Amino acid sequence: MIILWPMTLLLAQATFTGNLACRKCHPAIYAKYQSTPMARSSGVVAGDVVAGSFQHPASGFQFSVDQQGLVAGRKLTHYVGSGAAGRSYFYGLGGFLFQAPVTWYAQKGRWDMSPGYEQDRDPAWNRAVTPNCLFCHASQVRPIYGTENGYADPPFLQDGVGCERCHGAGSEHVQGKAKMVNPAKLDPTRRDSVCSQCHLAGEARVEKSGKSLGAYRAGDLLSDFVSYFVLTGGSGGGVKATGYVERFAASRCKQASGDKLWCATCHDPHSVPEAQQRVAYFREKCLACHQQAHKNTAERDCMSCHMPRAQAADGGHGVLTDHAILKKPTGAALHSESSWKLKAFLGEESPRETGIAYAEVGVRTGNRNQQDEAIRLLSRCKLDAEVAVRLGDLLQRQGKTREAEALYQAAIRLQPPGPLVALVNLGVIHGSRAEYEEAIRWWRAAIERNPGQREAMVNLIPALRALGRAEEAARVEESLRRFAAQPPAKKR
Ligand code: HEC
Ligand code: HEC
Ligand code: HEC
Ligand code: HEC
Ligand code: HEC
Ligand code: HEC
Ligand code: HEC
């Protein structure tokens with residue numbers, strides 16, 4: 001019998017065209033959007049770096065940055081951050097992107113170590129720039145599949161947050177063939193998804209099986225792609241750069257107003273108010289609902305008392321406005337009860353999603369309750385690459401290397417070439433059994449996917465030596481030195 005396959009009708013899928021294509025027909029919006037922090041949130045370094053230098057006490061090094069972005073023998077190529085609060089810098093090495101350990105802090109007006117490097121005695125230049133980092137700050141990002149931090153050249157086609165991140169892909173619309181998504185006209189859950197894709201992080205963000213946040217388009221439901229988890233007792237206080245959505249959701253204004261109040265009630269997504277107008281601009285927004293509030297003119301700057309600014313809890317992100325809109329702001333936690341338990345803030349609370357969230361938070365904080373809960377939940381799930389690698393990692397931490405090994409192998413089989421940590425850790429398992437050939441193979445594979453992978457390089461050197469391959473070991477040492485805090489000495 002012959003099986004006949006019907007032809008499937010391919011629907012034309014709109015693609016991204018970039019902001020410039022919108023300019024002709026929407027010149028006013030295009031022009032004002034250009035100057036917003038979102039539009040300017042990333043770009044190419046073009047001889048406009050603020051020069052400066054500083055001494056780093058922990059390492060004893062002196063870092064000097066010049067206008068071209070030259071620092072410690074490296075050339076900074078891209079930046080992230082409009083510079084309102086600060087700017088992170090990246091540099092490229094053979095098609096791979098790495099973060100610089102130095103950051104420009106605009107509010108302090110000086111260069112200093114990047115968050116997380118403060119106490120580092122050898123601040124290496126090997127921190128990978130993952131697509132996740134660029135997702136919120138750049139548009140049309142072009143990661144190379146299978147690598148951790150390899151990108152096409154250029155790594156992103158559009159600086160900053162492009163129009164189409166909030167309006168959907170525009171290739172059809174620019175030809176007059178289709179309508180764009182207008183967030184304000186979407187149902188409230190889809191509408192709020194548009195801002196939440198970048199302004200919400202939670203304690204853990206978990207992609208659903210087979211889904212990638214990178215595929216989300218304005219108009220979609222964010223919860224079809226990812227689930228977000230928060231601590232049941234509140235997220236330990238403090239305001240985070242990506243925590244606006246959670247704080248805002250806890251406000252009386254939002255709870256009592258429901259769907260009619262959302263981010264764009266107070267924020268014009270295409271512009272920010274001039275400094276001298278901001279007090280009046282936001283007061284007008286408040287008074288739309290609170291005509292009766294305070295007749296006293298001394299109380300005109302509503303923000304100063306009800307939405308005060310506080311130092312960000314996620315270091316380096318600067319000073320942020322508290323969106324909990326409290327009667328008597330304390331800047332503290334919304335809930336004081338401390339708990340290790342997580343709950344979904346948005347999306348599914350299935351064993352898979354919840355288990356991965358516990359694994360992520362548990363490993364980050366070292367909390368054993370969370371790690372055990374992750375193992376309990378993930379053991380019950382159907383295996384996919386993510387479940388397998390998380391469970392493998394947790395079991396390896398408990399010394400169960402046989403189980404871990406099988407899970408890492410499964411992760412690689414289920415979704416080749418597999419998660420990078422599976423490769424590095426398989427190397428460690430083989431290395432601990434003195435199976436050096438096998439271990440070296442895994443570590444070499446890991447380095448191919450990220451040439452700055454430090455654990456793999458550091459492990460490789462003694463393994464190669466153990467096999468008498470001193471020359472190869474020396475070459476790995478040399479690659480490692482390329483990431484040292486200060487540049488390797490020039491060859492004569
Ligand atoms: C050739 C002219 C043209 C170009 C180019 C163009 N637009 Fe439009 N746009 C229109 C017209 C006409 C309308 C009103 C009719 C409609 O909604 O399609 C519109 C409406 C819109 C709306 C409102 C939709 C609604 O339902 O409220 C948005 C949002 C929008 N455009 C975004 C964009 C973006 C983003 C780009 C660039 C990717 C772009 N437009 C490029 C002509 C254009
Ligand atoms: C693609 C990611 C992305 C999306 C989508 C997004 N934002 Fe942003 N937003 C950012 C980033 C990144 C910044 C920080 C920009 C910077 O300073 O570098 C930011 C900054 C802001 C700011 C601060 C501007 C200032 O004065 O400093 C406001 C307000 C804001 N966003 C509102 C919104 C609203 C409202 C929506 C939804 C309609 C939205 N954003 C959607 C990524 C995004
Ligand atoms: C989930 C989305 C998200 C991710 C991922 C993310 N950021 Fe941000 N980032 C934001 C938002 C939103 C802001 C703006 C907060 C504000 O304006 O208060 C911001 C602000 C910043 C700023 C300060 C910008 C300014 O206002 O001058 C820097 C620098 C920065 N991020 C760097 C990074 C780097 C480096 C990474 C990757 C390692 C990263 N961010 C990952 C969303 C994100
Ligand atoms: C951060 C998200 C965001 C970005 C980026 C963004 N918009 Fe919008 N845009 C919105 C929202 C939200 C609305 C609806 C505002 C409302 O009605 O409250 C809107 C409305 C519109 C409209 C229809 C209403 C009007 O005012 O005419 C057009 C056209 C439009 N945007 C074009 C653009 C263009 C062009 C760009 C890039 C230059 C852009 N937008 C960038 C969020 C965004
Ligand atoms: C869409 C309408 C809306 C907007 C806009 C709005 N609020 Fe509210 N707000 C409410 C509602 C409704 C309540 C609950 C009133 C009640 O409980 O009786 C509330 C409650 C409050 C409370 C009391 C909080 C508490 O802990 O009891 C304060 C303070 C407040 N708002 C300040 C502001 C400020 C400041 C702004 C502007 C930045 C603002 N609101 C914008 C609707 C709004
Ligand atoms: C009730 C009004 C109101 C609503 C609703 C609101 N904001 Fe804000 N937002 C403010 C005020 C006021 C500021 C401080 C502006 C200033 O100081 O110039 C601010 C500042 C910001 C900033 C700039 C960085 C900072 O911390 O100062 C970001 C980013 C931001 N809001 C994001 C959001 C997002 C995302 C939402 C929706 C989840 C949202 N806002 C909803 C009033 C609001
Ligand atoms: C100097 C600080 C300060 C400023 C400025 C201020 N408020 Fe308040 N507001 C308070 C305090 C304190 C309370 C709590 C009063 C109480 O519980 O008796 C409050 C209470 C409120 C409430 C709750 C009213 C109620 O009856 O529970 C609202 C709504 C509110 N403010 C809105 C505003 C708006 C809108 C503005 C700007 C026009 C503003 N506030 C400016 C300090 C301030």
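Computed from a prediction, not measured in an experiment: that's the story for all the values here. For ligands, and for the atoms within them, numbers begin at 1 and follow the listed sequence. We number each residue from 1, following the sequence as shown.
Residue Gly162 has at least one heavy-atom neighbour below 4.0 Å for each of these atoms of ligand 4: 5 (C). In the vicinity of Asn132, heavy-atom distances shorter than 4.0 Å reach the ligand 3 atoms 5 (C). Close approach to Ser88 involves these atoms of ligand 3, each under 4.0 Å from a residue heavy atom: 29 (C), 32 (C), 35 (C). Ligand-side atoms of ligand 3 in range of Gln99: 38 (C), range being under 4.0 angstrom from any heavy atom. Distances below 4.0 Å separate heavy atoms of Tyr30 from the following atoms of ligand 4: 38 (C). Residue Trp262 has at least one heavy-atom neighbour below 4.0 Å for each of these atoms of ligand 4: 12 (C). Which parts of ligand 3 touch Cys133 is read off a 4.0 Å heavy-atom cut-off, strictly below it: atoms 34 (C), 35 (C), 36 (C), 37 (C), 38 (C), 39 (C), 41 (C). Of all the atoms in ligand 4, the ones that sit under 4.0 Å from a non-hydrogen atom of Pro183 are 11 (C), 12 (C). Within the listing of ligand 3, atoms 15 (C), 16 (C), 18 (O) sit less than 4.0 angstrom from a heavy atom of Tyr244. In summary, the atoms of ligand 3 found under 4.0 Å from a heavy atom of Arg205, numbered by their order in the structure, are 1 (C). Within the listing of ligand 3, atoms 24 (C) sit less than 4.0 angstrom from a heavy atom of Gly81.
Of the protein's non-hydrogen atoms, Lys179 NZ, 3.5 Å is the one closest to atom 16 (C) of ligand 1. Residue, atom and distance of the protein heavy atom nearest to atom 18 (O) of ligand 1 are His173 CE1, 3.6 Å. Protein heavy atom nearest atom 27 (O) of ligand 1, with residue, atom name and distance: Lys185 NZ, 2.7 Å. For atom 15 (C) of ligand 4, the nearest non-hydrogen atom of the protein is Ala184 CB, 4.3 Å. Nearest protein heavy-atom neighbour of atom 23 (C) of ligand 1: Asn182 ND2, 4.5 Å. Ranking the protein heavy atoms by distance from atom 34 (C) of ligand 1 puts Cys22 SG, 3.4 Å first. Ranking protein heavy atoms by distance to atom 28 (C) of ligand 1, first place goes to Met180 CB, 3.7 Å. For atom 5 (C) of ligand 4, the closest non-hydrogen atom of the protein is Tyr33 OH, 3.2 Å.
Salt-bridge annotation for Asp393 and Arg390: absent, with no side-chain N of the basic residue lying under 4.0 Å from a carboxylate O of the acidic one. At a threshold of 4.0 Å, the pair Arg142-Asp153 does not count as salt-bridged, since none of the basic side-chain nitrogens sits closer than that to a carboxylate oxygen. Residues Asp322 and Arg309 are not paired through a salt bridge, judged by the lack of any N-O separation under 4.0 Å between the basic side chain and the carboxylate. Under 4.0 Å is where a charged nitrogen must lie from a carboxylate oxygen, and between Glu164 and Arg217 no such pair does. For the pair Lys343 and Glu349, the salt-bridge criterion is not met [side-chain N within less than 4.0 Å of a carboxylate O].
Each of Tyr89, Tyr91, Phe90, Phe98 was compared with Trp125 under the ring pair (Phe, Tyr, Trp, His ring centres under 6.0 Å) criterion, and only Tyr91 meets it.
Dense packing is recorded around CZ of Arg364, with more than 12 heavy atoms of other residues, nucleotides or ligands lying under 6.0 Å away.
By the 3.5 Å distance cut-off applied to N or O atoms, Lys24 is not counted among the residues near ligand 1. For a threshold of 3.5 Å applied to N or O pairs, the pair formed by Gly86 and ligand 3 contains at least one separation below that value. Remark: ligand 4 and His26 share no N or O pair separated by less than 3.5 Å (distance only, no angle test). Some N or O of Ala84 is nearer than 3.5 Å to an N or O of ligand 3, by distance alone. Any N or O atom pair closer than 3.5 Å counts here, and Thr17 shares no such pair with ligand 1.
A donor atom on one side chain and an acceptor atom on the other are not found under 3.5 Å apart for Ser209 and Glu386. At a cut-off of 3.5 Å, with distance as the only test, a side-chain donor of Ser59 or His56 sits close to an acceptor on the other residue. Side-chain contact annotation: Thr17 with Ser171, donor-acceptor N/O pair under 3.5 Å absent.
The aromatic rings of His167 and His270 sit tilted, their planes meeting at an angle between 30° and 60°.
With a heavy-atom cut-off of 4.0 Å, His167 touches ligand 4 through its side chain alone. Counting heavy atoms closer than 4.0 Å to ligand 4, residue Arg23 contributes nothing at all. With a 4.0 Å cut-off on non-hydrogen atoms, His270 touches ligand 4 through its side chain and not its backbone.
Relative to atom 1 (C) of ligand 4, the option among Cys25, Cys166, Cys163, Ala39 with the closest non-hydrogen atom is Cys166. Of the candidates Thr265, Val181, Ile29, Ile29 brings a heavy atom nearest to atom 32 (C) of ligand 4. Nearest residue to atom 30 (C) of ligand 3 from Gln197, Met38, His137 is His137 (criterion: closest heavy atom). Selection from Pro27, Pro269, Cys195, Ala31 by nearest heavy atom to atom 10 (C) of ligand 4 gives Pro269. Of the candidates Arg40, His199, Arg309, His199 brings a heavy atom nearest to atom 12 (C) of ligand 3.
Taking the ring axis of Phe282 as reference, the NZ or CZ atom of Lys285 does not stay both within 45° of it and closer than 6.0 Å to the ring centre. Remark: Arg165 qualifies as a cation-pi partner of Phe135 under the 6.0 Å distance and 45° angle criteria applied to the six-membered ring. For the pair Arg205 and Tyr228, the cation-pi test (distance below 6.0 Å, angle within 45°) is failed.
The distance from atom 8 (Fe) of ligand 3 to the nearest N/O/S atom of Cys136 is not under 2.8 Å.
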### Task
Please step through side-chain contact (heavy atoms from CB on, under 4.5 Å) for the pair Leu93 and Arg482, ending with a clear verdict.
CA-CA 10 Å; Leu93 200 63; Arg482 288 192 300 172; 4.1 Å; yes

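Residue Ala21 places a heavy atom less than 4.0 Å from ligand 1. Distances from ligand 3 to the non-hydrogen atoms of Gly83 include at least one value under 4.0 Å. Heavy-atom separations between Cys198 and ligand 3 include at least one value shorter than 4.0 Å. At least one heavy atom of Ser82 sits less than 4.0 Å from an atom of ligand 3.
A donor-acceptor contact shorter than 3.5 Å links the side chain of Thr354 to the backbone of Ser350.
Ser479 is linked by a side-chain hydrogen bond (donor to acceptor under 3.5 Å, both in side chains) to nothing, counting only residues two or more places apart in sequence or in another chain.
Taking all atoms of both residues into account, the shortest heavy-atom contact from Tyr151 to Val129 is OH-O, 2.7 Å. The shortest non-hydrogen separation linking Gly452 to Phe483 is CA-CZ, 3.6 Å. Between Phe248 and Trp262 the shortest heavy-atom distance is CE2-CA, 4.2 Å.
Residues Val71 and Asp66 have side chains not in contact (no heavy-atom distance under 4.5 Å, counting atoms from C-beta outward).
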